[in-house]
Amino acid sequence: MHLIICAGIHDPQLTQEFLKDLSTRLSAREIPPYDWLIYPVENHPPYSGPHILWFVHQQLSRTYPEQFLQIPLVFIGFSAGVVGAIAAAWGWQLLGGAVQAFIAVDGWGVPLGGTFPIYRISHDSFTHWSSALLGAGETSFYADPAVDHLVLWRSPQAVKGWQVSAIASQPIVYTTAATYIANLLRGVNLHKA
């Protein structure tokens, strides 16, 4: 399984911090390793779905020439990267590819929908509730207390908040953004197996 990381318009070091913490959490939970593809936002706009789709196609077809569309993908977008990542996920499916999940980190105002599981993560309750009007996803997370937009991406392990489900009977859980993401990825892996 491949994680497609689509960051926003910010210092690339923030993405490196995000990935460092996430990879530590994934290995600590004994989750089978993911291969990472980090979309180069320094060379192409993060909000461009065609650019992201081209990048993913180029990378995977080089590594898996005969079966690249069978590689399950999980897209993680942040900020402006959510715009491009959701378009690329739809495009990947139109090509016949498999999208296992889509995780939108602070994609405020971005409509989300698809035939794959979608999850939203927000830096505050206002962003969470107002974005849910455009597609809440299966479960979501919002920071409480609220944090700065970039802190959510750089340091998800330090961001505490609430995990809520679209299913009313599911419990609301107080956790960290990093734990929420790691649990999502663990669930995607278990569902795939």
Side-chain angles (χ1 to χ4, degrees), residues 1-10 12-107 110-121 135 137-140 153 156 178 180-193:
M1 187 167 314
H2 279 67
L3 284 178
I4 311 302
I5 308 297
C6 304
I9 302 169
H10 53 76
Q13 183 59 36
L14 300 178
T15 300
Q16 293 306 314
E17 293 295 321
F18 173 81
L19 294 175
K20 179 181 170 185
D21 178 69
L22 187 58
S23 59
T24 301
R25 286 189 182 275
L26 294 178
S27 61
R29 292 175 183 269
E30 299 177 3
I31 297 173
Y34 281 87
D35 291 317
W36 311 83
L37 288 179
I38 303 169
Y39 174 69
V41 294
E42 60 279 357
N43 300 330
H44 305 288
Y47 45 80
S48 174
H51 280 96
I52 295 170
L53 185 59
W54 175 83
F55 168 76
V56 172
H57 182 275
Q58 287 282 332
Q59 298 297 314
L60 293 180
S61 64
R62 226 180 270 146
T63 309
Y64 311 97
E66 299 297 320
Q67 59 197 28
F68 68 93
L69 284 173
Q70 282 77 46
I71 305 299
L73 303 182
V74 174
F75 286 84
I76 300 179
F78 171 66
S79 194
V82 173
V83 177
I86 192 69
W90 292 334
W92 190 254
Q93 276 199 324
L94 287 173
L95 291 173
V99 177
Q100 292 294 117
F102 186 89
I103 301 171
V105 182
D106 248 4
V110 180
L112 296 180
T115 59
F116 40 83
I118 295 175
Y119 308 94
R120 279 196 188 264
I121 300 170
E138 294 189 6
T139 65
S140 55
W153 187 245
Y180 174 70
I181 294 169
N183 287 340
L184 289 178
L185 295 176
R186 183 173 187 274
V188 167
N189 246 314
L190 290 175
H191 181 69
K192 184 189 92 147

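Predicted model only: the values in this text are computed from it and were never measured. Numbers here simply count residues along the sequence, with the first being 1.
Here Leu14 contributes atom CG and Gln16 contributes atom CD; the two are 10.0 Å apart, rounded to the nearest 0.5 Å. A distance of 2.5 Å separates OG1 in Thr139 from OH in Tyr180, rounded to the nearest 0.5 Å. Within the model, atoms NE2 of His2 and CD of Gln100 stand 13.0 Å from one another, a figure rounded to the nearest 0.5 Å. Going from atom CD1 of Ile5 over to atom CD1 of Ile38 covers 6.5 Å, rounded to the nearest 0.5 Å. Annotation: the span from Trp153 atom CH2 to Leu19 atom CG amounts to 6.5 Å, rounded to 0.5 Å. Taking CZ from Phe102 and CZ from Phe116, the interatomic distance works out to 7.0 Å, rounded to the nearest 0.5 Å.
Between Ser48 and His51, the shortest heavy-atom contact is OG-ND1, 2.5 Å. The nearest pair of heavy atoms linking Ile9 to Pro46 is CG1-CG, 3.6 Å.
Proximity of Val105 to Ile76: side-chain heavy atoms (C-beta onward) are separated by under 4.5 Å at one or more points. Inter-residue side-chain proximity for Val41 and Thr15 is flagged as unmet; no heavy-atom pair is nearer than 4.5 Å. Counting heavy atoms from C-beta outward, Asp21 and Pro156 have side chains that approach closer than 4.5 Å.
Under a 3.5 Å cut-off, the side chain of Tyr39 and the backbone N or O of Pro45 do form a donor-acceptor pair.
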Which donor-acceptor pairs under 3.5 Å do the side chains of residues 62-75 make with protein atoms, sequence neighbours left out?
unit_1 : atom_1 : unit_2 : atom_2 : d
Arg62  : NH2    : Gln58  : OE1    : 3.3
Thr63  : OG1    : Gln59  : O      : 3.1

Run the side-chain donor-acceptor check on residues 79-96: report pairs under 3.5 Å with partners two or more places apart or on a different chain.
unit_1 : atom_1 : unit_2 : atom_2 : d
Ser79  : OG     : His149 : NE2    : 3.0
Trp90  : NE1    : Gly113 : O      : 2.6
Gln93  : OE1    : Thr115 : OG1    : 2.9
Gln93  : NE2    : Thr115 : OG1    : 3.0

Query raised in the report: What's the verdict on side-chain contact (heavy atoms from CB on, under 4.5 Å) for Ile181 and Phe18, showing C-alpha distance, side-chain angles and the deciding distance?
Result: CA-CA 11 Å; Ile181 294 169; Phe18 173 81; 3.9 Å; yes

